[in-house]
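All remarks here apply to the structure that follows.
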Amino acid sequence: MADSTMLTSLFELPILVVDCQTTGASPAHGHLIELAWSWTAAALHSPDVVARKIALPQGATVSRRVQQITGLGPLDLVDAPAALEVCQELRAQTCARQVAAVVAHYARFERSFVEPLDTGLSHPWICTHAIARRLLPGLPRLGLRAVAGYLGYTLAEEKRAGDHVLATAFVWRAFVDLFEREHAVFTLADLMDWLVQTPAPRDASRIYAMPREKRLALPETPGVYHLLSRSGDVLYVGKASSLKDRVNSYFRSPGTLSSSKHELVSQVHDIAVTETGSSLEAALLENEHIKHLAPPYNASLREGRRRVVYLSSNLTESSPVSAPTVMLGPLIRRDERHPIELFAALVETTTPDALWAGELAGGHDVDAAALAAGFALFRERHGLGTQAVVLADLLRLGRELLRARERAIAIDDPDELPVDEQPADSPQAIATRLERILSNFSRELARARWLCRLSESVLAWEDGESPEHPRRMLVIHQGRVWEQGELEAGEPLPLPPGHRRSRLQRQGVMDLGTYDRLRVLTTELRRLVAADKALWLRVGHAEPIKTARLARILLHL
DNA sequence: CGATCTACGTCGTTAGCCGT
DNA sequence: ACGGCTAACGACGTAGATCG
């Protein structure tokens, strides 16, 4: 390389930023599915990016996991050019341009995939991860998303090469700026020197983009908080019984946070809070905000791929809304079919759909014969004979199995329950799995019934310390918070406005948002019961439920 | 001189962190 | 979930220091 480029200011230095998406963790175990690059320099603020999808080689597949994180499946790649063609495009551009270095985040990975290609690149690689380790050693996480987010670039949720190139270029600009201002590193020669001579400091103290005083000034009241990126996007919505304690716990206890939470706090620049009257209301509001905003770090309450379904009583028909003939539910379906529908397939035919086999054995290969043998053993265990199985029998059996399981958990330490050592395709393992599906279904139906009752209810509870304090009250109608207020001591609990609504009417309002809202409410009820708070609950037209009975009901959900 | 302790280097294993 | 790298750790061995 010419000495002149080694002495060019890093701002002006012409670089090539690259990023790729692949199907595996190394070239020996994966293929390129996307390659993006940008010819740029730190001085350039909106670089042009070339992003190319790449066709899969014959017979290659994209794992479910990779499809999920990249959003790229085989269908997205059918019309894509071959790796060779993309490589030639990059090579043609390489010949036509000046470039002093290739920049990538975690260059080791990109390099292992890009270097074997005949791209005509023989330049030094600069790794923004290696720089970040020395420049930002206190950052809780040093992945591209965390580093870029800390510096102010929020990556899209799908991992795509073009976006990653833009983020890496952004990070490079920020680092070049820092180098000049704080480290007397001005040229590529300086940078190479600095990298060699600066080991990553060990016990560096934690750094955050979020100003300390801002979180320390939060109120110690219940409420909902939004963690915001530099650009104001909502990264995460959470609830707290004390906003100050909860939010500050993210920044105090690095040891106990999961790696995705580390990535999250690395990016937080600001926080917005909504105070609520109680933590119960905070939990309900949190659900509403998550449904509305779908923040990237709220995995569990987001809609994701979950759907509400109802099943017919013979389990063969399903519908997203309930109808007089399709009213088992609401159930939550994560995939194409609900596991319980397996029973319909098993009852209907002696050679069940092989598609079910994977579901049954947790992804293992199980053939139809093994499935039939497992079902036969299941019938034998439970005295179901060989005639057609009646759904009512299955439901009763499900309740028995569920009760047996609850007893086993209550008596034994749940960690010491017998672990099934049978191979996944043995009749024993399959029969046991069928039992599990049935008892889970039974529990789901019980929960569905409960949530439907709860959708027309009135709740009052003691939130403050003093029993003289007025009770907080929530009126739930059509699955929503209809009214919230206070109930004076001695004042009786009113009748829910929708207490006359039929089961079908109640099911009619059960979309996923309502399902989750009532589920959250149930969780909060459980918390109040566990905390020994006095509470009064009136579901439907029944008399108010006493705490002890509520505790028993909640136990079985 | 031999026994014991400490300091230091080397080797092999492990845990954690990146990427997809 | 998986591959691959590195920092961290612990086991081990050797050399040198110290002491009886």
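Quantities reported herein were computed from a predicted structural model and do not represent experimental measurements. A, B, ... follow the sequence lines: proteins, then strands. Residue 1 opens every chain. Computation of the quantities below employed the complete heavy-atom set of this structure, encompassing side-chain atoms and omitting hydrogens, waters and symmetry-equivalent molecules.
- With Phe175(A) as the fixed residue, the side-chain contact (heavy atoms from CB on, under 4.5 Å) test singles out one of Leu10(A), Leu136(A), Leu191(A): Leu136(A).
- What separates OH of Tyr106(A) from P of dT20(B) is a distance of 11 Å, to the nearest Å.
- For the pair His164(A) and dT20(B), the criterion of a side-chain N or O lying under 4.0 Å from OP1 or OP2 is met.
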- prompt: When you look at Asn248(A) and Arg215(A), which way does the side-chain hydrogen bond (donor to acceptor under 3.5 Å, both in side chains) test go after all the steps?
  reply: CA-CA 6 Å; Asn248(A) 281 287; Arg215(A) 53 185 169 87; 2.9 Å; yes
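- Protein atom NE2 of His29(A) is 11 Å distant from nucleotide atom P of dC2(C), rounded to whole Å.
- Across all strands shown, Ser112(A) has no heavy atoms under 4.0 Å from either base or sugar-phosphate atoms.
- Residue Arg133(A) places no side-chain N or O under 4.0 Å from the OP1 or OP2 atom of dC18(B).
- Between dC18(B) and Arg141(A), a contact under 4.0 Å exists linking OP1 or OP2 to a side-chain N or O.
- One N or O on the side chain of His105(A) and one on the backbone of Leu144(A) form a donor-acceptor pair closer than 3.5 Å.
- Taking a cutoff of 4.0 Å between a charged side-chain nitrogen and a carboxylate oxygen, Arg302(A) and Glu157(A) qualify as a salt bridge.
- The interatomic distance linking Glu34(A) (CD) with dG19(B) (P) rounds to 16 Å, in whole Å.
- Between the C1' atom of dC17(B) and the CG atom of Leu257(A) lies a distance of 16 Å, rounded to the nearest Å.
- Protein atom NE2 of His262(A) is 12 Å distant from nucleotide atom P of dG16(B), rounded to whole Å.
- In this structure, Ile33(A) reaches neither bases nor backbone, as no heavy-atom distance under 4.0 Å exists between it and the strands shown.
- Counting non-hydrogen atoms under 4.0 angstrom, His31(A) reaches nothing in the nucleic acid.
- Heavy atoms of Gly143(A) sit under 4.0 angstrom from primed sugar atoms or phosphate atoms, though from no base atom.
- Of the side-chain N and O atoms in Thr23(A), none sit less than 4.0 angstrom from OP1 or OP2 of dT20(B).
- Spacing between atom CZ of Arg108(A) and atom P of dC17(B) amounts to 14 Å, rounded to whole angstrom units.
- Distance, Leu35(A) CG to dG19(B) P: 17 Å, rounded to whole Å.
- Each of Val62(A), Ile33(A), Thr23(A) was scored for a side-chain contact (heavy atoms from CB on, under 4.5 Å) with Gln67(A), with one residue passing: Val62(A).
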